[in-house]
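Because the structure is predicted, anything quoted here is derived from the model rather than measured. Convention: sequence-line order gives letters A, B, ...; per-chain numbering from 1.
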Number of protein chains: 2
Amino acid sequence: MNETLVLKGNIIFTKNTDKFEIYNNAFIVSIDGKVKGIYKELPKEYSNCKIRNYGNKLIIPSFVDLHLHASQFLQCGMGMTKQLLEWLNDYTFDLEKEFQNEEFAKEVYTKFADKLVDSGTLRACIFASSSTKGTEILFEILKKKGIGAYIGKVNMDRNAPNFIIESTEESIKGTEYLIKKYKNEKLVKPIITPRFAPTSTDELLEKLGELTKEYSLPVQSHLSENINEINWVKELFPDSKYYLDVYDKYYLFGHTKTAMAHGIHLSDEELNIIKGKNVILVHCPDSNINVRSGIMPLRKYLNMGIPIGLGSDIAGGHKIALNEAMVRAIQLSKLLSINNPEYKPLTIPEVFYLGTKGGGNFFGKTGSFEEGYLFDALVIEDDKLIADRYSLEDRLERFLYLGDDRNIIARYVEGKEIKQI
Amino acid sequence: MNETLVLKGNIIFTKNTDKFEIYNNAFIVSIDGKVKGIYKELPKEYSNCKIRNYGNKLIIPSFVDLHLHASQFLQCGMGMTKQLLEWLNDYTFDLEKEFQNEEFAKEVYTKFADKLVDSGTLRACIFASSSTKGTEILFEILKKKGIGAYIGKVNMDRNAPNFIIESTEESIKGTEYLIKKYKNEKLVKPIITPRFAPTSTDELLEKLGELTKEYSLPVQSHLSENINEINWVKELFPDSKYYLDVYDKYYLFGHTKTAMAHGIHLSDEELNIIKGKNVILVHCPDSNINVRSGIMPLRKYLNMGIPIGLGSDIAGGHKIALNEAMVRAIQLSKLLSINNPEYKPLTIPEVFYLGTKGGGNFFGKTGSFEEGYLFDALVIEDDKLIADRYSLEDRLERFLYLGDDRNIIARYVEGKEIKQI
């Protein structure tokens with residue numbers, strides 16, 4: 001094929017958490033969807049290629065959201081002062097049920113996908129609902145969009161309202177149906193998704209572990225989000241020393257790559273176990289505040305070398321745009337630092353890394369513009385007054401703090417431009 | 001004149017912090033810019049009036065921002081991980097200087113005003129810069145916009161870079177010039193604005209107090225934002241027992257109505273003094289996090305009956321839209337409640353009240369739709385899927401959490417629609 005794409009503009013990304021890599025007014029070349037290189041002057045072999053010249057605009061890696069619930073999209077920003085259980089009962093469960101209705105699923109998931117892509121998230125790890133049919137609709141919609149995603153049918157066989165749980169058999173059957181149908185897709189793929197330990201019987205977890213092994217699938221779930229939840233897991237699974245052991249016992253914790261949302265309340269022993277496994281923790285700062293879970297000691301985790309990504313956690317979090325999660329992560333780290341001076345606040349390159357390459361690792365080589373990385377990118381336009389006056393780093397920071405979908409004027413996944421409808 | 005305006009829609013506002021007043025599908029009548037009443041059926045005497053029918057949309061009081069710096073508008077969302085002094089030196093001071101340039105002031109203040117009004121803030125207490133000419137330009141721009149504002153030329157005669165401080169005489173002369181020119185304006189009026197105690201000599205404060213008295217003007221400044229600042233004030237003004245005494249001594253603290261930004265670190269004695277004065281404290285949650293000032297114990301202040309308004313504090317805060325300040329106020333109150341169960345998190349009606357009627361009191365009767373209140377309003381449009389499914393309260397909450405200027409389809413100040421250019 002050798003499909004070559006050449007973009008020109010101000011290129012910014014992170015290789016690691018230390019600093020931005022900045023290429024002022026440079027060319028980036030992508031061949032067959034992968035970054036070939038960044039050049040101050042375009043090498044001769046590309047001189048016949050058409051150049052997409054974005055002038056003084058910014059070209060950055062697109063956002064990677066490692067945790068959100070598509071079926072909670074409509075309830076974003078509602079019931080935010082309720083207690084968790086009341087919130088689930090009044091808003092979440094009834095809504096989840098409706099994704100058994102195909103028309104409803106199609107309408108809501110289309111809006112969800114539009115908003116996600118508008119906001120610059122072009123890779124995401126998504127919880128759908130327990131409905132197999134509804135989840136299949138989400139696969140089809142995101143396939144059409146052309147973005148990268150892992151989508152999980154949500155597995156639950158206890159401890160939730162009857163109208164959204166399934167029998168263990170149904171839950172596994174639906175999951176395997178979707179695995180078989182989508183496992184060879186290039187961009188939108190299945191992921192094993194027990195909602196969380198308390199809504200799963202041992203039998204369900206065991207069978208999900210078998211599917212994980214048989215099909216070599218990734219896993220996503222929730223871990224240690226709040227104290228009551230942790231105590232409940234202890235009661236339900238008295239044989240497990242730690243919460244994570246419940247998953248680990250059944251091949252659902254880092255035997256294949258695993259994204260665990262939250263992980264706020266973890267002992268050093270648990271953190272050391274996590275570090276030795278193929279597990280990434282997903283920091284969802286807005287959600288952590290909204291449902292009063294507490295503040296993740298992110299600096300400590302980074303110092304320990306625990307892999308971390310960012311999540312909007314729609315609808316515990318209320319903003320789907322991942323730059324909002326980056327800002328809130330900084331804000332929480334600042335609050336934590338006031339009383340814990342050993343926890344230095346996060347920097348802009350750090351949160352940018354977490355929301356691009358950090359989470360992007362879960363999808364392979366994406367979230368950076370190093371050679372060989374998938375070319376997933378956004379083109380950012382800001383006000384001329386700002387562009388003329390400030391550095392590229394300042395302009396990027398401003399976009400993260402204030403920008404919205406209106407500032408994103410182009411989106412690329414693996415070298416293909418995503419056309420908004 | 002008897003200019004009568006009749007709007008139809010879903011009317012929501014707060015009389016107090018307890019709950020929303022909700023009128024589904026009702027008429028609101030404004031005569032000569034003031035609310036006459038809300039009616040399920042339109043009284044006969046208005047039957048000849050043309051009705052602006054907003055159908056299923058929401059009609060709410062517009063936002064009141066009691067603290068922001070217009071001259072810091074460009075630097076919003078930049079340098080946010082710097083230390084305060086470094087931030088001031090690298091971003092704020094240089095930028096403030098440029099408002100001595102009329103063309104620059106016109107260009108930036110026009111963008112500022114557009115964004116403020118777009119975002120639904122139709123009353124604001126604004127710090128301009130120390131430039132008299134620049135401040136005059138801001139007066140003219142906001143007059144043309146047709147919104148309500150107090151604008152302060154910023155008074156400083158020490159402890160800031162030479163290129164933005166003035167001599168005491170110049171500072172007073174420019175202030176009096178603007179007072180005389182604008183004191184009889186209906187909507188955009190002068191306010192006495194010492195930047196804060198440390199940048200003022202006693203002589204400057206004394207003369208500002210005289211102007212306050214002579215022209216019966218309101219006052220705005222900063223108070224007890226962070227611990228270092230408080231200690232600095234103690235050093236500079238060793239005779240003052242409390243920070244607030246510095247202002248109080250010179251007729252600048254609640255002798256006329258006074259808006260004091262922040263007030264995070266206050267003793268019970270200070271709070272009791274404030275309570276007995278004509279002073280409103282302005283809570284600026286994003287700013288408090290961004291510059292690591294700490295979390296205002298807002299619940300305690302509300303329990304004590306201290307008047308409180310909300311501020312975006314551009315550019316310590318990064319979002320000019322006041323609904324963002326409402327959300328962040330709730331989020332901070334939740335964080336505070338985790339370790340201090342006696343501080344109950346804020347509710348939606350509480351923050352809505354603070355951002356409308358609470359701050360609105362500073363402008364007279366505005367921020368509510370009770371009879372006799374100035375008719376300052378926004379019309380909010382949301383997604384049909386949301387409008388069909390959820391209650392008016394849920395829809396309003398969703399707008400506060402997720403909405404932006406695109407959801408605001410009409411803006412009224414004293415019964416006149418503000419036309420966006």
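- Only the side chain of Tyr91(B) comes within less than 4.5 Å of a heavy atom of chain A; its backbone N, CA, C and O stay farther away.
- Note on Leu332(B), Leu396(B), Leu95(B): by heavy-atom pairs under 4.5 Å with chain A, the leading option is Leu95(B).
- Among the candidates Glu393(A), Arg395(A), Arg328(A), the residue making the largest number of heavy-atom pairs closer than 4.5 Å to chain B is Arg328(A).
- In terms of heavy-atom pairs under 4.5 angstrom with chain A, the leader among Ile338(B), Asn290(B), Ile295(B) is Asn290(B).
- Side chains of Phe99(A) and Val108(A) form a contact here, defined as non-hydrogen atoms less than 4.5 Å apart.
- Contacts of Asn288(A) with chain B are absent, with no heavy-atom separation under 4.5 Å from either backbone or side chain.
- Between the side chains of Arg292(A) and Ser337(B), at least one donor N or O lies within less than 3.5 Å of an accepting N or O.
- Using a 4.5 Å cut-off on side-chain heavy atoms (C-beta onward), Met78(A) and Trp87(A) make no contact.
- To the nearest 0.5 Å, atoms CD (Glu324(B)) and OH (Tyr401(B)) are separated by 11.0 Å.
- Contacts of Ile289(B) with chain A are made by both backbone and side-chain atoms, with heavy-atom separations under 4.5 Å.
- Taking chain A as the reference chain and counting heavy-atom pairs below 4.5 Å, the highest number among Gly79(B), Ala321(B), Ser293(B), Gly294(B) is found for Gly79(B).
- Looking at Ile348(A), both its backbone and its side chain come within 4.5 Å of chain B, counting heavy atoms on both sides.
- Only the side chain of Glu98(A) comes within contact range of chain B, judged by heavy atoms closer than 4.5 Å.
- At a 4.5 Å heavy-atom cutoff, the contact between Tyr390(A) and chain B is made by side-chain atoms alone.
- Checked against the 6.0 Å centroid threshold, Phe13(B) and Phe20(B) do not count as a close aromatic pair.
- Aromatic ring centres of His67(B) and His262(B): separated by under 6.0 Å.
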*Taking it one step at a time, do Asp90(A) and Lys82(A) satisfy salt bridge (charged side-chain N to carboxylate O under 4.0 Å, His left out)?*
CA-CA 9 Å; Asp90(A) 291 359; Lys82(A) 307 224 167 191; 3.2 Å; yes
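- Only the side chain of Asp383(A) comes within less than 4.5 Å of a heavy atom of chain B; its backbone N, CA, C and O stay farther away.
- In the model, Asp382(A) has no side-chain atom that pairs as donor or acceptor with a side-chain atom of Asn407(A) under 3.5 Å.
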